Amino acid sequence: MTMQAGALSRRAFAQLLGAGAALISAPQLVAGNFTEPGRTARKSSGVVRLSSNENPYGPSAAALVAMREAFDLAWRYPDEHAEALIADLARLHGVAGDRVLIGDGSSEILKLAAAAYTGPDRKLVMADPTFEAIAFCAHATRAAIVKVPLDASYGHDLSKMLDAAKGAGLVYICNPNNPTASITPKSALRAFLDAVPATTMVLVDEAYHHYAESAEYESVIPLVAPHPNLIVSRTFSKIFGMAGLRLGYAVAQPAAIQRLGEEGVWDSVNIMAIAAARASIGDAQHVALGKKRNRETKARLCNTLDGLGYRYIPSEANFLMIDLRRDVKPVIGAMKAKRVEVGRLFPPLPHHLRITIGTPEQMDAFVAAFKDVMAA
Ligand code: PLP
């Protein structure tokens with residue numbers, strides 16, 4: 001982990017010892033003659049994987065070039081590159097560098113937040129269903145976990161979460177929410193942030209930020225300035241197509257960044273991921289193309305499902321929750337037997353099937369298998 005938070009970085013530590021460390025320039029992040037990666041989705045063993053909300057088109061061409069150029073740096077610790085990425089992210093979000101912490105995927109940010117702010121007498125409040133990872137992390141701190149069912153529109157029920165937040169260490173809000181792909185309206189989220197006790201931290205997970213197109217959605221990163229108890233997490237795993245590289249980050253006020261960093265390990269983010277991320281940030285076209293492809297393929301799938309008479313939760317993400325009107329569990333198994341991997345069971349919604357929006361070809365394969373399975 002680079003020098004920012006409470007943790008001392010390897011480089012700063014070396015400097016303290018008088019060793020210093022030579023700075024080397026960041027790799028040239030220039031796209032060469034790379035074929036655009038996602039023309040055809042990456043193939044993996046004939047299995048159509050629609051289970052993990054990955055981006056089937058992969059990283060941007062510029063990111064692939066940057067990683068190749070970073071091969072020569074693999075022997076170095078990533079400190080100064082991490083600092084450069086933090087500066088890029090700070091610029092991207094219009095904040096100072098001491099408001100950004102990078103992690104080994106946004107999963108690491110979630111873990112740091114649970115470690116820093118939950119414990120035997122500091123409960124975690126979260127929605128149900130939502131992305132479960134933070135509950136596993138809070139379990140390790142022996143925190144009580146309070147699950148508040150989503151409201152009738154599949155938004156976070158923020159008035160109930162506010163009641164539950166009394167005495168809580170951390171409230172987790174996933175927006176857009178996984179697995180429902182639904183959003184929590186911006187006015188409700190603003191009011192919640194104004195009302196929640198200052199002693200309770202709020203982590204808003206914006207992993208699917210880029211896919212949300214509703215006018216009711218907004219990122220709360222600009223609200224970090226007036227809210228010392230707000231942490232926002234983002235990831236390079238979704239729109240940037242870098243799930244295997246592992247890189248996420250938090251934006252929060254310096255005291256929170258410091259506290260999160262105290263729980264982290266040094267240099268948890270590798271130099272390849274950093275190189276790819278820096279190049280990705282500069283490739284706005286890749287983001288725009290990813291959004292367009294997702295929007296179009298999702299609309300096509302919804303159209304097909306409409307024709308087949310299936311309802312689904314309106315999606316503001318790169319996945320869709322389809323109401324099967326029957327138990328999803330055997331359907332998950334039957335789809336797997338047809339080499340189509342779909343989302344897991346989410347207990348509060350036992351009749352819903354979560355499908356990642358893949359390429360049009362992958363969705364055709366899904367629809368063919370789905371029709372067979374549901375007709376059986
Ligand atoms: N947050 C949400 C809502 C997710 O759905 C996921 C993964 O699917 C993550 C965080 C973890 O992402 P990563 O650790 O790859 O950044």
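We're numbering straight along the sequence, starting at 1. Just so it is clear, the structure is predicted and the values come from calculations on it, not from any experiment. Ligands are counted one by one from 1 in listed order, and the atoms in each one are counted from 1 as well.
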Protein contact to atom 16 (O) of ligand 1 [nearest heavy atom, distance to 0.1 Å]: Thr235 OG1, 2.5 Å

Geometric class of the Phe370/Phe366 ring pair [parallel <30°, tilted 30-60°, perpendicular >60°]: parallel

For Arg246, the ligand 1 atoms whose distance to one of its heavy atoms is below 4.0 Å: 13 (P), 14 (O), 15 (O)

Atoms of ligand 1, numbered as shown, that sit under 4.0 Å from any heavy atom of Gly105: 14 (O), 16 (O)

Aromatic plane relationship, Tyr249 with His93 - under 30° parallel, 30 to 60° tilted, over 60° perpendicular: tilted

Side-chain donor or acceptor of Asn318 paired with backbone N/O of Tyr208 under 3.5 Å: no

Candidate with minimal heavy-atom separation from atom 15 (O) of ligand 1, of Ser233, Ala133, Ser237: Ser237

Aromatic Tyr57 / basic Arg293 pairing, under 6.0 angstrom, 45° off normal: yes

Geometric N/O contact Ser52 with ligand 1, under 3.5 angstrom: no

Atom indices of ligand 1, in the order listed, that fall short of 4.0 Å to a heavy atom of Cys174: 3 (C)

Protein contact of atom 6 (C) of ligand 1 - nearest heavy atom, named by residue and atom, plus distance: Phe131 CZ, 3.3 Å

Proximity of Lys238 to ligand 1 by residue part, where a heavy atom lies under 4.0 Å: side chain

Glu316 (side chain) donor-acceptor with Glu213 (main chain) under 3.5 angstrom: yes

Arg122 side chain vs Ala116 backbone, donor-acceptor pair below 3.5 Å: yes

Tyr208 N/O under 3.5 Å from ligand 1 N/O: yes

Plane angle bin for His209 and Tyr217 - parallel if under 30°, tilted between 30 and 60°, otherwise perpendicular: tilted

Option with minimal heavy-atom separation from atom 2 (C) of ligand 1, where the choices are Ile109, Leu110, Asp205: Asp205

Arg246 side chain to Ala243 backbone, donor-acceptor under 3.5 Å: yes

Proximity to ligand 1 by part of Ser106, non-hydrogen separation under 4.0 Å: both

Within-cut-off N or O pair, Tyr172 and ligand 1, under 3.5 Å: no

Atom 11 (C) of ligand 1 [closest protein heavy-atom partner, distance rounded to 0.1 Å]: Ser107 OG, 3.4 Å

Flag, side chain of Thr141 to backbone of Cys137, donor-acceptor distance under 3.5 Å: no

